[in-house]
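Worksheet: one structure, shown below.
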Amino acid sequence: MKARTSVENIAGGIALRIAAAGAFSIMTATLKLASFDGVVAAEMLFYRAFFGLPVVLIWVLTQPGGLAGLTTRRPWALAGRSALGIVSILCLFQTLTLLPLADATTLSFTAPIFATLLSFLILKEAVGPRRWAAVAVGFIGVVVVMRPLALISGDGGDQAIPLVGIGFALAGALLTAGVTITLRQLRDTEHVAAIVFWFFAASSVVGAILLIFVGKMHSPATFGLLIGSGIAGGLAQLFMTASLRAAPVAVVAPFDYLQIVGAVVFGWWLMHATPSATTLAGAALIAASGLYTAWREHVRRKDSLMQTTAPLV
């Protein structure tokens, strides 16, 4: 009976992770569509957080202890994590305004590569040759997505994507990796409800301040997209968290890469954007690098709570 329950839990965890990937894909697709109406990254930050916050709060109220889970032992550490996450998500949202959806999503998955580098440089963790090889493969994938030959030759058949967009994507991924490192330490003392809720709350406040300078009116349809992105983002966080309670991270983390599939599908369906062969090839290399890194992390520390795609950003 215990074995059956375990299998059912793992299946449920996988289903929740797939739901999370779907919700994240909907969030990024709606934000990309909103960008066509002039919505900028700071506006995306506010609406995603503001309309996602009620979803998170409802979840908090249903947890054992309710609002007591929002108390924190390390408020300054939590504030630092929130600041890092806000800058990270601003970079990633800026990427959405500059790059095709599939390319932006693919490059965001370089976060596990940077997490390996930061764990070596900051946490002084041992990184073996196989993990370094995975890092190298991931960076090769980035180069493939960048299409350097098209950049040099100016070939119109397979145009290079803007370097500024690549810069924002990689900066966002690096900062996301930094969030991953801080989460390892915060989860020793802080409830996950506090980490998620206060990040959404901080994002709402910072976003509201930025709206004073860059906010503008949009069409009702665009506001609908922004509201939908917030709800989808909040649900994605909850599905992600619930999946970790049902199954080990090494089992469910590989399903995060369905977000790349979702970006390709939504980009083709909603924006009539067909991903290039180089995007697909680079995505395969980056995904292979991330999956191998997750597997090696599982082998090295089976009980680790590290999330290689840093979903709590």
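All values derive from a computational prediction rather than experimental measurement. The chain is numbered in sequence order, starting from 1.
Put simply, the side chain of S229 gets close to the backbone of L226: a donor and an acceptor are under 3.5 Å apart. In this structure, T95 contributes its side chain and A169 its backbone to a donor-acceptor pair below 3.5 Å. Under the 3.5 Å distance criterion, the side-chain polar atoms of S82 are matched with a main-chain donor or acceptor of L78. For the pair T30 (side chain) and I26 (backbone), a donor-acceptor distance under 3.5 Å is present. Side-chain atoms of K216 come within 3.5 Å of backbone atoms of G38 as a donor-acceptor pair (strictly under, hydrogens ignored).
Here the shortest heavy-atom pairing between G267 and L101 reads N-CD2, 4.0 Å. What you find for V214 and A42 is that their closest heavy atoms are CG2-CB, 3.6 Å. Heavy atoms only, all atoms of each residue included: V144 and G282 are closest at CG1-N, 3.7 Å. Pairing each heavy atom of A201 with each of L53, the nearest pair is N-CD1, 3.9 Å. Of all heavy-atom pairs between A134 and S289, the closest is O-OG, 2.5 Å. Minimum heavy-atom separation, A102 to P275: CB-CB, 4.3 Å.
In this structure, the ring-ring contact (aromatic ring centres under 6.0 Å, His included) partners of W132, at least two apart in sequence or on a different chain, are F120. Here L67 pairs with L57, V60, L61, L70 under the side chain to side chain contact (heavy atoms under 4.5 Å, CB included) rule; sequence neighbours left out.
Interatomic distance, E190 CD to R73 CZ, rounded to the nearest 0.5 Å: 7.5 Å. To the nearest 0.5 Å, atom CZ of residue F139 and atom CG of residue L285 are 13.0 Å apart. For the atom pair CZ of F114 and CG of L170, the computed distance is 5.0 Å after rounding to the nearest 0.5 Å. Note that CZ of F255 and OG of S243 are 10.5 Å apart. Values are rounded to the nearest 0.5 Å. To the nearest 0.5 Å, atom CD1 of residue I286 and atom CD1 of residue I140 are 11.0 Å apart. Rounding to the nearest 0.5 angstrom, the gap separating the CG atom in L92 from the CG atom in L45 is 11.0 Å.
A donor-acceptor contact under 3.5 angstrom links the side chains of T222 and S219, judged on distance only. With no hydrogens or angles considered, no side-chain donor-acceptor pair links Q259 and T105 at under 3.5 Å.
Remark: F168 CZ is loosely packed, at most 12 non-hydrogen atoms of other residues, nucleotides or ligands lying under 6.0 Å away.
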Next item on the list: For side-chain contact (heavy atoms from CB on, under 4.5 Å), just list the numbers for L107 and L99, CA-CA rounded to whole Å, side-chain angles, deciding distance to a tenth of an Å, and then say yes or no.
Entry: CA-CA 10 Å; L107 290 174; L99 300 184; 3.9 Å; yes
Check: After noting the C-alpha distance and the side-chain angles of T182 and L84, does the key distance pass the side-chain contact (heavy atoms from CB on, under 4.5 Å) rule?
Finding: CA-CA 9 Å; T182 62; L84 193 62; 4.3 Å; yes
Notebook entry, point to check: Under the side-chain contact (heavy atoms from CB on, under 4.5 Å) criterion, do E43 and F93 qualify, and how do the steps go?
Noted result: CA-CA 10 Å; E43 292 177 293; F93 285 166; over 6 Å; no
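Taking the six-membered ring where the residue is Trp, F223 and H218 present perpendicular rings, their angle passing 60° and hence far from 30°.
Under the 4.5 Å side-chain heavy-atom criterion for ILVMFWY residues, a single connected hydrophobic cluster contains both L210 and L175. If you chain together hydrophobic residues whose side chains sit under 4.5 Å apart, L280 and V143 never meet in one group. The cluster map of Ile, Leu, Val, Met, Phe, Trp and Tyr, joined by side-chain heavy atoms under 4.5 Å apart, puts L31 and W268 in the same cluster. W59 and L16 fall within the same hydrophobic cluster, where Ile, Leu, Val, Met, Phe, Trp and Tyr residues are linked whenever their side-chain heavy atoms come under 4.5 Å apart, directly or through other members. Under a hydrophobic clustering in which Ile, Leu, Val, Met, Phe, Trp and Tyr are joined whenever their side-chain heavy atoms come within less than 4.5 Å, directly or via other members, L117 and L174 fall into the same cluster.
Looking at heavy atoms from C-beta onward, L163 lies in side-chain contact with I166 at the 4.5 angstrom threshold. The closest side-chain heavy-atom distance from R81 to W198 is not below 4.5 Å. In this structure, F24 and Q237 have side chains that are in contact, with non-hydrogen atoms separated by less than 4.5 Å. Residues S119 and I181 are in side-chain contact: their nearest non-hydrogen atoms beyond the backbone lie under 4.5 Å apart. Side-chain contact between T176 and S108: absent, with no pair of heavy atoms (C-beta onward) separated by less than 4.5 Å. Taking 4.5 Å as the limit, every side-chain heavy atom of V164 sits out of range of all side-chain heavy atoms of Q94. Between Y47 and V39, the closest side-chain pair of non-hydrogen atoms is not below 4.5 Å. Residues K32 and F266 form no side-chain contact, since every pair of their non-hydrogen atoms from C-beta on lies 4.5 Å or further apart.
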